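Notes follow the structure.
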Amino acid sequence: QVQVVESGGGLVQAGGSLRLSCTASGLAFDEKAMAWFRQVPGKEREGVSCISWHGRDTYYRGSAEGRFTISRDNSKNTLYLQMNSLKPEDTADYYCATGRYAFCTGAWFTQEGFDYWGQGTRVTVSS
């Protein structure tokens, strides 16, 4: 049984930082690409960042580029998202997803190729 659990969300002031964590069990974590998505209530879920199985390939979408850093520790089955210089528009529920493949596909941000999802962790950035 695969379990994906995010943590680390919370309330932070604009300009602050947060680090999200995601632990996945019940699957070969070190063979899978992993990704972070986020969703504002009433809007579509959007891709934030994706990382290949070995961590050497990383991808970012939109405003995450240059402010967020995705990383992973395969020895701990854990994925991270370091978020710096947070803005109110970063407020969302953040979700971790396990990839079907070892590498991020060209369409990773469309949610294609991800099999298991966590329940989400809420990030609120106040102005």
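Remember, it's a predicted structure, so these values are computed and weren't measured experimentally. The analysis underlying the following values was restricted to heavy atoms, covering all of them including side chains, and did not include hydrogens, waters or symmetry mates.
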Legend entry - Connected via hydrophobic side-chain network under 4.5 Å: Val12 and Tyr94: yes
What donor-acceptor contacts under 3.5 angstrom involve side-chain atoms of residues 120-127, with partners at least two apart or in another chain?
from: Thr121; atom 1: OG1; to: Gly9; atom 2: N; distance (Å): 3.0
from: Arg122; atom 1: NE; to: Asp93; atom 2: OD1; distance (Å): 2.6
from: Arg122; atom 1: NH2; to: Asp93; atom 2: OD1; distance (Å): 3.3
from: Arg122; atom 1: NH2; to: Asp93; atom 2: OD2; distance (Å): 2.9

Inset, instruction - Enter the distance from Gln82:CD to Ser71:OG here, rounded to the nearest 0.5 Å. - result: 8.0 Å
Inset, instruction - Go through the steps to decide whether Thr69 and Leu81 satisfy the test side-chain contact (heavy atoms from CB on, under 4.5 Å), and finish with yes or no. - result: CA-CA 6 Å; Thr69 302; Leu81 185 69; over 6 Å; no
Inset, instruction - With sequence neighbours excluded, give me every salt bridge (Lys or Arg N to Asp or Glu O under 4.0 Å) pair touching residues 58-79. - result: Arg67-Asp90
Legend entry - Single-linkage hydrophobic cluster, 4.5 Å side-chain cutoff, Tyr60 and Tyr80 together: no
Legend entry - Joint hydrophobic cluster, Leu79 plus Phe68, side-chain heavy atoms closer than 4.5 Å: yes
Inset, instruction - Test side-chain contact (heavy atoms from CB on, under 4.5 Å) on Trp36 and Met83 and set out the steps. - result: CA-CA 12 Å; Trp36 287 100; Met83 304 187 295; over 6 Å; no
Inset, instruction - Go through the structure and list residues passing ring-ring contact (aromatic ring centres under 6.0 Å, His included) with Phe114, not counting sequence neighbours. - result: Phe37
What donor-acceptor contacts under 3.5 angstrom involve side-chain atoms of residues 97-106, with partners at least two apart or in another chain?
from: Thr98; atom 1: OG1; to: Tyr116; atom 2: N; distance (Å): 3.3
from: Arg100; atom 1: NE; to: Asp115; atom 2: OD1; distance (Å): 2.8
from: Arg100; atom 1: NE; to: Asp115; atom 2: OD2; distance (Å): 3.4
from: Arg100; atom 1: NH2; to: Asp115; atom 2: OD1; distance (Å): 2.8
from: Thr105; atom 1: OG1; to: Ala107; atom 2: N; distance (Å): 3.3
from: Thr105; atom 1: OG1; to: Trp108; atom 2: N; distance (Å): 3.3

Give the table of side-chain donor-acceptor pairs shorter than 3.5 Å for residues 40-50, with sequence neighbours excluded, one pair per line with atom names and distance.
from: Arg45; atom 1: NE; to: Gln39; atom 2: OE1; distance (Å): 3.4
from: Arg45; atom 1: NH2; to: Gln39; atom 2: OE1; distance (Å): 3.4
from: Glu46; atom 1: OE2; to: Arg38; atom 2: NE; distance (Å): 2.7
from: Glu46; atom 1: OE2; to: Arg38; atom 2: NH2; distance (Å): 3.3
from: Ser49; atom 1: OG; to: Tyr59; atom 2: O; distance (Å): 2.8

Please tabulate, for the side chains in residues 14-31, all donor-acceptor contacts under 3.5 angstrom to protein atoms that are two or more places apart in sequence or on a different chain.
from: Ser17; atom 1: OG; to: Asn84; atom 2: OD1; distance (Å): 2.9

Legend entry - CE-CG distance between Met34 and Asn77, expressed to the nearest 0.5 angstrom: 9.0 Å
